[in-house]
Amino acid sequence: MACIPRRLSQITLFNTKNLTLYHITLVVILCTTFYLIGIWQHSVGTTSSSAAAAFRSSVPCSSLKTTQLDFLPHHLPPDPPSETTRAAQFPPCDPSFSEYTPCEDVQRSLKFDRDMLIYRERHCPEKDELLKCRIPAPYGYKVPFRWPQGREFAWFANVPHKELTVEKKNQNWIKVEGDRFRFPGGGTMFPHGADAYIDDIDKLISLRDGSIRTAIDTGCGVASWGAYLLSRNILAMSFAPRDTHEAQVQFALERGVPAMIGVMASIRLPYPSRAFDMAHCSRCLIPWGQYDGLYLIEVDRVLRPGSYWILSGPPINWQKHWKGWNRTTDDLKSEQSRIETVAKSLCWKKLVQKDDLAIWQKPTNHVHCKANRKVFKRPPICYTQNPDMAWYTKLETCLTPLPRVSNIKEIAGGQLAKWPERLNAIPPRISSGSLPGITETVFVENSELWKKRVEYYKTIDHQLAETGRYRNLLDMNAYLGGFAAALVDDPVWVMNIVPVEADQINTLGVVYERGLIGTYQNWCEAMSTYPRTYDFIHGDAIFSLYKD
């Protein structure tokens, strides 16, 4: 029994030796195989090298083309274009241009005729005069006061002009208080404030029942009248020329009050016919009785049927003020007589004259007015020009006819709903079919579309949604005024532009019939406003008008 384990160990030792011999044999075979393969590859490489050497010796080096390997990455964005193909970069203008208004430049205006104030009209620079730089803000510029605080205050650094504080010191227009201006609301004919003055007007014609919504202030000063009408839901378009009363319109815009640079001279005001419910002149220095009543004829064109013209200042109540105005009684009496005559020739009715105010009313239609042309030979009825054409259109001494009516009691052009229903009621210009392709359905759908769009805009631009952050807005291609209508409950106002290139379907009259304001504009020219007027500029389908 003791021999059995010894036998087993011998067998195990034999097996172990056989396994080791097997491994050694396998390694030898593999090494021999790889060695033979290596020799074969070396012989092929030697042959190729010999052939290559022969080729190099037979071909000159200069005739060989060497391929450059590309080690550059190809997953990066492309390089920027060369300097010559990049978009033009406009440098800032000199600080002296901080209030530059290209089409109302004071120096350029001196080249033009002073008769009828033609030199104060729009005179845009020629192509070789255009500035290719960005208008800078004045030193120390601050974000304007928010509305309604802005109605009464503006930063001095934003409009650094003290001239009016001296010139109008006794008329309560404007005061300097530290680093800001304060606007008490006074005016030449309302030193006790615009609010009290407007209350006096309200006692003579109703300003609160919604029948008066759009107004125009000719020769507006710092636009205090328009500023204080806003609290009565009346939207005034205020204008004044850029003249010796430095920055008067700029003061209005800086405070958030609708205004434009403009003047009554030799061309039509840039508004459609039958646009305004009320026109106003408070010592605006416009010679109403001269030039065959040309300027009152223009006011008549832009007034709606049944609307009002309000005049205060010379010559009204001349019996009381003639000494302070440094004019003779005969001169003032003659001026008022001429104004009264022109107003009668336009078929206006003088409603009232009380103290310093006189108010006339335009007829609701021209049934009687056409008949009395036998008595009033002048002005004749205009039949040639489009009454809504008002871009560099020359003034004419003829009466713009109102749309035809079927009876004496009908309101020419259609009756408007009172504000605020007026905003979304179908405008008469659309319901009458006078605008080809624009139906009542189109109007309603457009209004709904803009409500949705403006709601979406506010999710993108949170400052538009923030109450009071923006005040002055510009719509470069307003069409039916849907953008402005959608913002009517916000503390903003919108200047609605209808480009003159869209005159085949002139919709600015619709904008006014909705109770909104706007003007015509050719966007190849500068606008009649100051730099930094608007907080937000909106352009829908504007570039397609100018793409060619």
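Remember, it's a predicted structure, so these values are computed and weren't measured experimentally.
Note that the CG atom of Leu357 and the CG atom of Leu351 stand 12.5 Å from one another [nearest 0.5 Å]. Separation of atoms SG (Cys347) and NZ (Lys370) is listed at 11.0 Å; rounding is to 0.5 Å. Atoms OG and CD, on Ser211 and Gln415 in that order, are 10.0 Å from each other to the nearest 0.5 Å.
Under the 6.0 Å distance and 45° angle rule, Arg453 counts as a cation-pi partner of Trp450. Because its NZ or CZ atom is both nearer than 6.0 Å to the ring centre of Phe183 and within 45° of the ring axis, Arg255 counts as a cation-pi partner of that residue.
Every residue meeting the side-chain contact (heavy atoms from CB on, under 4.5 Å) condition with Asn407, not counting sequence neighbours, appears here in chain and number order: Lys409, Glu410. In this structure Trp318 satisfies the ring-ring contact (aromatic ring centres under 6.0 Å, His included) test with no other residue, sequence neighbours excluded. By the side chain to side chain donor-acceptor pair (under 3.5 Å) test, Ser231 pairs with no residue at all, sequence neighbours left out. Ser431 pairs by the side-chain contact (heavy atoms from CB on, under 4.5 Å) definition with Ile426, Pro428, Glu440, not counting sequence neighbours. Among residues two or more places apart in sequence or in another chain, the side chain to side chain donor-acceptor pair (under 3.5 Å) test is passed with Asn446 by none.
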May I have the list of side-chain donor-acceptor pairs in residues 267-274 shorter than 3.5 Å, sequence neighbours left out?
| residue | atom | partner | partner atom | Å |
| --- | --- | --- | --- | --- |
| Arg268 | NH1 | Asn386 | O | 2.9 |
| Arg268 | NH1 | Met389 | O | 2.8 |
| Arg268 | NH2 | Gln385 | OE1 | 3.1 |
| Ser273 | OG | Asp388 | OD1 | 2.5 |

Which donor-acceptor pairs under 3.5 Å do side chains of residues 479-493 form with protein atoms, sequence neighbours excluded?
| residue | atom | partner | partner atom | Å |
| --- | --- | --- | --- | --- |
| Asp490 | OD2 | Lys458 | NZ | 2.8 |
| Trp493 | NE1 | Gly256 | O | 3.2 |
| Trp493 | NE1 | Asn472 | OD1 | 2.8 |

Indicate every side-chain donor-acceptor pair of residues 191-207 with a distance under 3.5 Å to a residue at least two apart or in another chain.
| residue | atom | partner | partner atom | Å |
| --- | --- | --- | --- | --- |
| Asp195 | OD1 | Arg232 | NH1 | 3.0 |
| Tyr197 | OH | His280 | NE2 | 2.8 |
| Tyr197 | OH | Ser312 | OG | 2.8 |
| Asp199 | OD1 | Arg232 | NH2 | 2.6 |
| Asp202 | OD1 | Leu207 | N | 2.9 |
| Asp202 | OD2 | Arg208 | NE | 2.9 |

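Formation of a donor-acceptor pair under 3.5 Å by the Tyr530 side chain with backbone atoms of Ile261 is not found in this model. Counting only distance, with no hydrogens or angles, the side chain of Lys362 and the backbone of Leu303 share a donor-acceptor pair below 3.5 Å. Using modelled atom types, no side-chain atom of Ser337 and backbone atom of Lys333 make a donor-acceptor pair closer than 3.5 Å. Side chain of Asn158 to main chain of Lys142: a donor-acceptor pair is present (N/O by atom type, distance under 3.5 Å, no hydrogens or angles).
Under 4.0 Å is where a charged nitrogen must lie from a carboxylate oxygen, and between Lys451 and Glu448 at least one such pair does. Electrostatic pairing of Glu455 and Lys452 does not count as a salt bridge here, judged by no charged N lying under 4.0 Å from a carboxylate O.
Two residues are said to be in side-chain contact when any heavy atoms from C-beta on lie closer than 4.5 Å; Ile135 and Arg532 meet this criterion. Met495 is listed as a side-chain neighbour of Met237, based on a closest heavy-atom distance under 4.5 Å. In this structure the side chain of Trp360 reaches within 4.5 angstrom of the side chain of Leu311, judged on heavy atoms.
Evaluation of the disulfide (SG to SG under 2.5 Å) test over residues 257-306, restricted to residues two or more places apart or in two chains, returns Cys281-Cys284. Within the structure, every pair that satisfies the salt bridge (charged side-chain N to carboxylate O under 4.0 Å, His left out) test and touches residues 412-423, not counting sequence neighbours, is listed here: Asp209-Lys418, Asp277-Arg422. Among residues at least two apart or in separate chains, side chain to side chain donor-acceptor pair (under 3.5 Å) pairs with a member in residues 144-155 are Arg146-Glu466. Counting only residues at least two apart or in different chains, salt bridge (charged side-chain N to carboxylate O under 4.0 Å, His left out) contacts with residues 286-296 are absent.
Below 30°, between 30° and 60°, or above 60°: for Tyr295 and Trp288 the angle between ring planes is above 60°, a perpendicular geometry.
Here Phe156 and Phe181 bring their ring centres to under 6.0 angstrom of each other.
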